[in-house]
Asker: 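Here's a structure for you.
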Amino acid sequence: MLSQDILVVGGGLAGLAAALVSDPQLNVAVLSKVHPLRSHSVAAQGGINAALGNNPEGRDDSWEKHAFDTIKGSDYLADQDIAELMCERAVSTIYELEHLGVPFSRFPGGVIAQRPFGGAGFPRTCYAADRTGLVILHTLYEQSIKRQVKFYNEWLVTKLVVKDGRCLGVVVYDLARGEVMPVKARAVIFATGGYGRVYQRTTNAFINHGSGIGIAYKAGIPLKDMEFVQFHPTSLYDTNILITEGARGEGGYLVNNKGKRFMEDYASSAMELAPRDIVARAIQTEIEKGNGFEDEYVYLDLRLLGEKKIKKRLPGIREICINFAGIDPVEKPIPIQPAQHYSMGGIDVNAQCASIVEGFYAAGECACISIHGANRLGGNSLLDTVVFGKIAGEEASKAVKGSKELKDDEKMLLDEALGMKKKIQEWQTKDSGERVHRLLNRLKVIMSDRVGMFRNKKDLSKAMEKISEIRDDYKRIYISGQCLRYSQELVNIIEFDSMLDLAEVITLGALNREETRGSHFRVDFKDRNDKDWLKHTLVTLKDGKPRVSYKNVNISKYEPKVRTY
Amino acid sequence: MEYIFRILRYDPLKDERPSFQDYSFRTEEKMSVLEALMDIRNEQDSTLSFRYSCREAICGSCGMVINGKFDLACRAMVDSLKAPVIVIEPLPNLEIQKDLAVNMEPFFDAVHKIEPYVFSKKQVLEKGHRIEDKEMDKIFQYINCVLCGCCYSACPVVSRDEKYLGPAALAKLYRFIQDPRDERPFSNWSRVNTEGGVWGCDTVFKCNEVCPKEVRPADGIEALRRKLVVEKIKRIFRFKR
Ligand SMILES: Cc1cc2nc3c(=O)[nH]c(=O)nc-3n(C[C@H](O)[C@H](O)[C@H](O)COP(=O)(O)OP(=O)(O)OC[C@H]3O[C@@H](n4cnc5c(N)ncnc54)[C@H](O)[C@@H]3O)c2cc1C
């Protein structure tokens, strides 16, 4: 049986950061359902935050101010000690990335360039034009080649195997061979990213099914704050490809069909650079009031930046607009609409990225520590993946070095793999029933229509019912094609099980939380309610049912205040 | 519009040889070839295999040959092909694993061979390196490379000489040599002073033509050649002194 000291699941930024710092004496591998460079991190555009103070307008910036902005942006649901930890490490993290070869854009004098981003008191977002994710992911990948990190690509984890509160390893489906097998590991780190495709409109990659979060949940690990789903204000109308916040950071305006910069009605001082939850709701409100175009979108106008600046700072955005919408932003405004973008919630882990299961860690978008609380600031996720990816790798290394290898755990791993094989055979022997893409389409519509940006009790309750109907139908799922090699259908069937769990946990958390906070907006409870709801939601699977509990927020320095921008 | 998608199918474990299969496909919407392929897979034949991820031309997963043209399927729009029959083939020069999914390993091996990372002996500088933007501009086109493998597949030299590193790897090497932070010794990069390296290139510029990200790998190869020659001459003079 394949056996690793540390098994990192996910080859995005968090996964590679974890693998790179793991103790080289240990036997470490990265396993991913796609080649690492195809991970969604590659699509990040606008930048990564750190209080370097390089921008002339940012001279007075400090990591403490960055932490405060993060906490305020989170609508005070972030754990303050954790937000501080991340922001304090941000500066050295950027210089380390720079040292490793990340080709950041520069200001005159040769220092790393920084642009303004939403919800930030100072321009502190470091960038490489609008391809920041591409360059950081490629750089960390290059470093893993240098370090000869072992990769298992195109392997999908289907199950996390836990015995008596200890993680034993995982079961995987190897796409190229079409086979299922167990992998033993003394420590497993999940860096499996977000679940955007649970929604109809999302900026996320086609592959972002979020199965890692669902697999951890199935193994009995609580999920935290899942009701907090970020909707990005500016996705390209129709395809929902992201148009970075950097476009507004560089000076782009939002205008409605009356030609008005409507943000002055919603956030008169921060305007377009208010936090995402506020701008996204403002856009949706304008569209619903009839102030949009075709009742679907508003305009993001970059023309005032001029051709030179657009080509230099936002070349990727220009390319996307030309390729996918036939519009050159130098000449025409961009039609945009909000779309699901990021998961603030995730697998419940502590500051060491450790979960309640011994030997199981999580980092990056799939994890919730919690840094982003009820609303993440742009540029803070890339930072989160690198800072906490490293912490996960270091902590897992320490734990493995300090523990003894278990000898008698192979049987359970083999049994679990056999169980998976049997399940697949069952799906294969049926020749009629439900098809996974149809179920997924139904689920997406429910989530977008009823668990979207504006929520209420009636819709959320209805969504719970509908999700459970789809869950019943999922029992009748079957594989229509007989070849298991590179079967995307099988991947989707396996991951859909997780998607159902995620949809249920998101909706349940949203239904219970009778207040409005950050991205979670309840039309029937429009105010934030710190007295009753300044707490994290935890949902744990017990006896096949989700159980909800709550946990206090760490408030170390900043008393919650009303957010104004 | 009604289209025929003529897709090359092959499962090396079962089929004797690759063969085309036709799928008819109707759409009135503007959609990408990738979306059409997903629809065909969902509605007509779930054994059809191909890779994809980001759907916005940045992850490099879905390189293939569409009506004779190398492209990323997510960025090729069905209607702009302006053809009733759309022929789809996997990237050539690489072994087919299943249908449109090819074995990318030889391509990545070539990239890994040039040691694609910044060589630096220094500790992390407290405030980072000072580099002017115009220095960064020199490597800008090369960092746009998404390693999709289109150039490697299209390269006539790769198809006859499997030892040839190919356009992406060589352009990547140039990207590092041009990076002011890189301190790799001449002995490292002069290894490409061979037929398997920069002198293998036929200068037919297929790579420049097919790159979906507007990288011009051949520019990098030519610049590397010049640099090698200049460096050699410098060394001869230094030796004589
Ligand atoms: C379009 C876009 C632009 C963004 N721009 C920015 C930005 O400018 N700044 C910023 O801070 N943030 C940005 N974000 C957010 C940020 O990019 C992501 O949150 C972050 O990159 C996630 O990284 P990750 O390593 O956690 O996950 P990912 O990069 O998504 O990687 C997940 C990995 O897990 C693997 N995986 C998943 N499930 C399984 C499984 N079951 N088995 C095996 N492998 C599995 C995948 O193959 C993949 O390798 C952006 C997000 C989007 C969608």
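Every chain is numbered from 1, with letters handed out A, B, ... down the list of sequences. Hydrogens, waters and symmetry mates are skipped; everything else that's a heavy atom, side chains included, is used.
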Asker: Looking at B:D45 and B:R41, does any basic side-chain N land under 4.0 Å from a carboxylate oxygen?
Answerer: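 Not counted as a salt bridge, because no side-chain N and carboxylate O are separated by less than 4.0 Å.
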Asker: So which part of A:N492 gets closer than 4.5 Å to some heavy atom of chain B, the side chain, the backbone, both or neither?
Answerer: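 Side chain only.
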Asker: Could you name the residues of residues 14-33 of chain B that have a heavy atom within less than 4.5 Å of a heavy atom in chain A?
Answerer: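 Residues of residues 14-33 of chain B touching chain A at under 4.5 Å: B:K14.
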Asker: Does B:F119 have its ring centroid less than 6.0 Å away from the ring centroid of B:Y117?
Answerer: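 They qualify: ring centres under 6.0 Å apart.
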Asker: Name the option with the most non-hydrogen atom pairs under 4.5 Å to chain B; the candidates are A:G101, A:A43, A:G481.
Answerer: A:G101
Asker: Check the side chains of A:N55 and A:R124 for a donor-acceptor pair under 3.5 angstrom, ignoring hydrogens and angles.
Answerer: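 Not at all, the side chains of A:R124 and A:N55 share no donor-acceptor pair under 3.5 Å.
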Asker: Using a distance-only test with no angle check, is there a side-chain donor-acceptor pair under 3.5 angstrom linking A:S480 and B:S46?
Answerer: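 Distance-only check passes for A:S480 and B:S46.
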Asker: Taking the basic N atoms (NZ, or NE/NH1/NH2) and the acidic carboxylate oxygens, is any pair closer than 4.0 Å for B:R181 and A:E98?
Answerer: yes
Asker: Which atoms of A:V491 are under 4.5 Å from chain B, going by heavy atoms: the side chain, the backbone, both sets, or neither?
Answerer: neither
Asker: Given a strict heavy-atom distance threshold of 4.5 Å, which part of A:I241 is in contact with chain B: side chain, backbone, both, or neither?
Answerer: both
Asker: Side chains of B:E115 and B:N188: do they bring a donor and an acceptor to under 3.5 Å?
Answerer: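 Yes - a donor-acceptor pair under 3.5 Å links their side chains.
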Asker: Do A:Y95 and A:I112 come within less than 4.5 Å of each other through their side chains, counting heavy atoms only?
Answerer: yes
Asker: For the residue pair A:Y173 and A:E179, confirm or rule out a side-chain donor-acceptor distance under 3.5 Å.
Answerer: no
Asker: So which residue, B:I58, B:D11, B:V118, B:N42, ends up with the most heavy-atom pairs under 4.5 Å with chain A?
Answerer: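 Looking at each option in turn, the highest pair count goes to B:N42.
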Asker: Using 4.0 Å as the upper bound for N to carboxylate O, is an ion pair formed by A:K312 and B:D133?
Answerer: yes
Asker: Please rank B:R175, B:K134, B:M104 by heavy-atom pairs under 4.5 Å with chain A and give me the top one.
Answerer: B:R175
Asker: Closer than 4.0 angstrom, basic N to acidic O: yes or no for B:E35 and B:R55?
Answerer: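 Salt bridge: no.
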Asker: Looking only at the side chains, is there a donor atom on one of B:R51 and B:Q97 sitting less than 3.5 Å from an acceptor on the other?
Answerer: yes
Asker: Output the option from A:E142, A:E154, A:E96, A:E319 having the highest count of non-hydrogen pairs under 4.5 Å with chain B.
Answerer: A:E142
Asker: Taking side chain as everything from C-beta outward and backbone as N, CA, C, O, which of these in B:D137 sits under 4.5 Å from a heavy atom of chain A? Side chain, backbone, both or neither.
Answerer: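 B:D137 touches chain A through side-chain heavy atoms alone.
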Asker: With a 4.5 angstrom heavy-atom cut-off, which part of A:A128 approaches chain B: side chain, backbone, both or neither?
Answerer: neither
Asker: Can a salt bridge be assigned to the pair B:E209 and B:R216 using a cut-off of 4.0 Å between side-chain N and carboxylate O?
Answerer: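 B:R216 and B:E209: not salt-bridged.
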Asker: Between the side chains of B:D71 and B:R75, is the shortest nitrogen-to-carboxylate-oxygen separation below 4.0 Å, so that they form an ion pair?
Answerer: yes
Asker: Do you know which of A:Q482, A:H40, A:R435, A:Q143 has the most heavy-atom pairs with chain B at a distance under 4.5 angstrom?
Answerer: A:R435
Asker: Taking side chain as everything from C-beta outward and backbone as N, CA, C, O, which of these in A:Q148 sits under 4.5 Å from a heavy atom of chain B? Side chain, backbone, both or neither.
Answerer: neither
Asker: Side chain from CB out, backbone as N, CA, C, O: work out which of these in A:R177 comes under 4.5 Å of a heavy atom of chain B, or both, or neither.
Answerer: neither
Asker: Let me know if A:V135 has heavy atoms under 4.5 Å from chain B in its side chain, its backbone, both or neither.
Answerer: side chain
Asker: A:R485 versus chain B, heavy atoms under 4.5 Å apart: side chain, backbone, both or neither?
Answerer: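 Both backbone and side chain of A:R485 come within 4.5 Å of chain B.
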